[in-house]
Amino acid sequence: MAARTLSRLLSRSLSSSSSSSGASASLLRSPLGRKSEGLINTNRFSTAAAVQELITPQVSINYTQHLINGKFVDAASGKTFPTLDPRTGEVIAHVAEGDAEDINRAVSAAREAFDNGPWPKMSAYERCRILLRFADLVEKHNDEIAALEAWNNGKLYEQAAKAEVPMFVRLFRYYAGWADKIHGLTVPADGDYHVQTLHEPIGVAGQIIPWNFPLLMFAWKVGPALACGNTIVLKTAEQTPLTALLVAKLLHEAGLPPGVLNIVSGYGPTAGASLASHMDVDKLAFTGSTDTGKTVLELAARSNLKPVTLELGGKSPFIVFEEADIDKVVEIAHFALFFNQGQCCCAGSRTFVHERIYDEFLEKSKERALRRVVGDPFKKGVEQGPQIDSKQFEKVLRYIKSGIDSNATLECGGGRLGSKGFFVQPTVFSNVQDDMLIAKDEIFGPVQTILKFKDINEVIRRANATRYGLAAGVFTNNVSTANTLMRALRAGTVWINCFDVFDAAIPFGGYKMSGIGREKGIYSLHNYLQVKAVVSPLNNPAWL
Ligand SMILES: NC(=O)c1ccc[n+]([C@@H]2O[C@H](COP(=O)([O-])OP(=O)(O)OC[C@H]3O[C@@H](n4cnc5c(N)ncnc54)[C@H](O)[C@@H]3O)[C@@H](O)[C@H]2O)c1
């Protein structure tokens, strides 16, 4: 298709901003009666002046086909599917729709590149240098990549430009650094034998990623797999296929040989399921919902028993003890839940507050939510954009209704914003009980649930009483309380007096139904390596 340019679309929607059409730059009326151009300001006390400036980065959609064996190609069936701008629900591009045949072609290219191509035979230092060159190129195209990410996902442009693309770059530099430091051991064993372990690439890695952080999920998976010398078939989420194709182009410009990274766009039950069940895929790494995680694990087991890592959903407790600094923690709790429109696997989605500070904490949390600025993610000062699509948007509204029906107290929000796009009011519930659906299920939206607790043992029990175990936050000035909680909480990450601190070196993953295995850090390398024991007899050894 002809390249579409974001700045052109933005200027078009700006010039029509006096109509009440869309979220991008149209007039949207907040439920609180404020009305302002191009934004929905939930602040009764107004910060509108700070949020007028529209950022118009240059970006166009140039890549919409599959990337197979270093070339952009149409789907075998010739089919395409639409990808949307969540601000308006309008189609921004038609993308090749992959199915089993496209997956077959991509897996064959990856197999050939692994078995006979230069990548696994290249020195680790050369692989490192390609990854470093790629990181430099991404850095150079930072704003363009961030704009495409925001356009396709609805996330804040500034969040993508200032945090997510730089984190992407950091992840690739981190794994580039590992490429030439991966090695086995010599092992002292009983008997006259020389024993060593070889850490070998696992082969063709199948990777399936979600839509909430399309670029970061790409980096978490592709970075370590390439550092270890594997080849890849990546299936992007159907909602957000665009940025993976753009950065993959840059990776080839950096010197990646053809066939090493193949990308197929398409839907889960067709393209995703074909990848998970493919007999020639040696490893599967999946990030997405717990239900789909179970499906892909089963597909992997029923096909060739490929090893599977799973990064799944969460319902993470955010626990505030009585001595915490209330103003500061209200802000962190707000961020922990509402960041990225609440579409975070590790969102602090059960805010447990000690009964002595509960009322004050609740009042301030509500005030903060009312001040949250919702609007066009390309505007400076906007804090919240739209949900990703109508399905997620409706799911969030259903959970809000379920909270109301189950007699939790709706403190603020509770509905949609505007009439176009997928904007949801920042919503806070109090009087939430553990057995309510809003306290048990992953809502994946801007809905904060605030629960009251009395003592440490009670809150540990309640925080752990979930099928999930992805992350937790603990806010206390008492060292002993912190020490107890960091061990007692059954979660892959425990943040003490902070939340959402990510770094390439920090492992991430879940206990219980939040997943299997860890990504990032040194731990991710283990996902992409086979360990081979090599044993040979020693004649007359000088030492053992
Ligand atoms: N633990 C983590 O690191 C982490 C990170 C981000 C998101 N998540 C989780 O992801 C979920 C949100 O993402 P989502 O709605 O895109 O999840 P999802 O499970 O619907 O989809 C994730 C991916 O799986 C694919 N898929 C769907 N059905 C499939 C099937 N039958 N076979 C193979 N692939 C299939 C989709 O096309 C998509 O690419 C949330 O539950 C969130 O918590 C977890």
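Values reported hereafter were calculated over all heavy atoms of this structure, with side chains retained and with hydrogens, waters and symmetry mates removed. Counting starts at 1 for both ligands and their atoms, in listed order. Since we're looking at a predicted model, the values are computed, not measured.
Taking the six-membered ring for Trp, Phe502 and Trp495 have ring centres closer than 6.0 Å. In this structure, the ring of Phe81 has its center less than 6.0 angstrom from the ring center of Tyr267. Separation of the Phe444 and Trp211 ring centroids falls under the 6.0 Å cut-off.
Phe286 CE1, 3.2 Å is the protein heavy atom nearest to atom 24 (O) of ligand 1. The nearest protein atom to atom 25 (C) of ligand 1, hydrogens excluded, is given as Ile208 CG2, 3.7 Å; this is a heavy-atom distance. In terms of protein heavy-atom proximity, atom 28 (N) of ligand 1 is nearest to Thr292 CG2, 3.3 Å. Atom 40 (C) of ligand 1 has as its closest protein heavy atom Glu442 OE1, 3.4 Å. In this structure, the protein non-hydrogen atom closest to atom 13 (O) of ligand 1 is Pro210 CB, 3.5 Å.
Only backbone heavy atoms of Leu312 (N, CA, C or O) come within less than 4.0 Å of ligand 1; its side chain stays farther off. Counting heavy atoms under 4.0 Å from ligand 1, residue Ile209 touches it through the backbone alone. For Thr287, heavy-atom contacts with ligand 1 shorter than 4.0 Å involve the backbone as well as the side chain.
Ligand 1 lies out of reach of Phe213, whose nearest heavy atom is not under 4.0 Å from it. At a 4.0 Å cut-off, not a single heavy atom of Gly510 sits close enough to ligand 1 to count as contact. Ligand 1 does not have Leu310 within reach: every non-hydrogen atom of the residue lies 4.0 Å or more from it.
A donor-acceptor pair shorter than 3.5 Å cannot be found between the side chains of Asn527 and Glu519. Ser524 and Lys221 form no side-chain donor-acceptor contact under 3.5 Å, judged by distance and modelled atom types alone.
On a distance-only criterion, Trp211 and ligand 1 share at least one N/O pair closer than 3.5 Å. When only interatomic distances are considered, the shortest N/O to N/O separation between Gly288 and ligand 1 falls below 3.5 Å. Here's the thing with Asn212: none of its N/O atoms is less than 3.5 angstrom from an N/O atom of ligand 1. For ligand 1, the polar-atom distance check finds no N/O of Thr290 at less than 3.5 Å from any of the ligand's N/O atoms. Considering backbone and side-chain atoms alike, Gln239 places every N or O at 3.5 Å or more from each N or O of ligand 1. Not a single N or O atom of Tyr267, backbone or side chain, sits closer than 3.5 Å to an N or O atom of ligand 1. Considering both main-chain and side-chain atoms, Ser289 comes within under 3.5 Å of ligand 1 through a nitrogen or oxygen pair.
Nearest to atom 12 (C) of ligand 1 by heavy-atom distance, out of Phe444, Phe508, Tyr468, is Phe444. Looking at Ala471, Gly268, Cys345 and measuring to atom 5 (C) of ligand 1, the nearest heavy atom belongs to Cys345.
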Item to complete: Take Asp85 and Arg87 through the salt bridge (Lys or Arg N to Asp or Glu O under 4.0 Å) test and state the conclusion after the steps.
Response: CA-CA 5 Å; Asp85 178 344; Arg87 297 173 304 166; 2.6 Å; yes

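Screening Asp389, Val396, Leu397 for a side chain to side chain contact (heavy atoms under 4.5 Å, CB included) with Phe393, the sole residue that qualifies is Leu397.
Close approach to Ala273 involves these atoms of ligand 1, each under 4.0 Å from a residue heavy atom: 32 (N), 33 (C). Per-residue contacts place Leu470 under 4.0 angstrom from the following atoms of ligand 1 (heavy atoms of the residue considered): 1 (N).
For Phe338, the ring pair (Phe, Tyr, Trp, His ring centres under 6.0 Å) test picks out His334, with sequence neighbours left out. When the side chain to side chain contact (heavy atoms under 4.5 Å, CB included) test is applied to Arg398, the partners found at least two apart in sequence or on another chain are Glu394, Lys395.
Side chains of Val59 and Asp143 form no contact here, defined as non-hydrogen atoms less than 4.5 Å apart.
Expressed to the nearest 0.5 Å, how far OG1 of Thr64 lies from CG of Leu242 amounts to 8.0 Å.
Classification of the Phe172-Phe168 ring pair by plane angle, with boundaries at 30° and 60°, yields tilted.
In this structure, Lys512 fails the cation-pi test against Tyr468, since its NZ or CZ atom is not both closer than 6.0 Å to the six-membered ring centre and inside 45 degrees of the ring normal.
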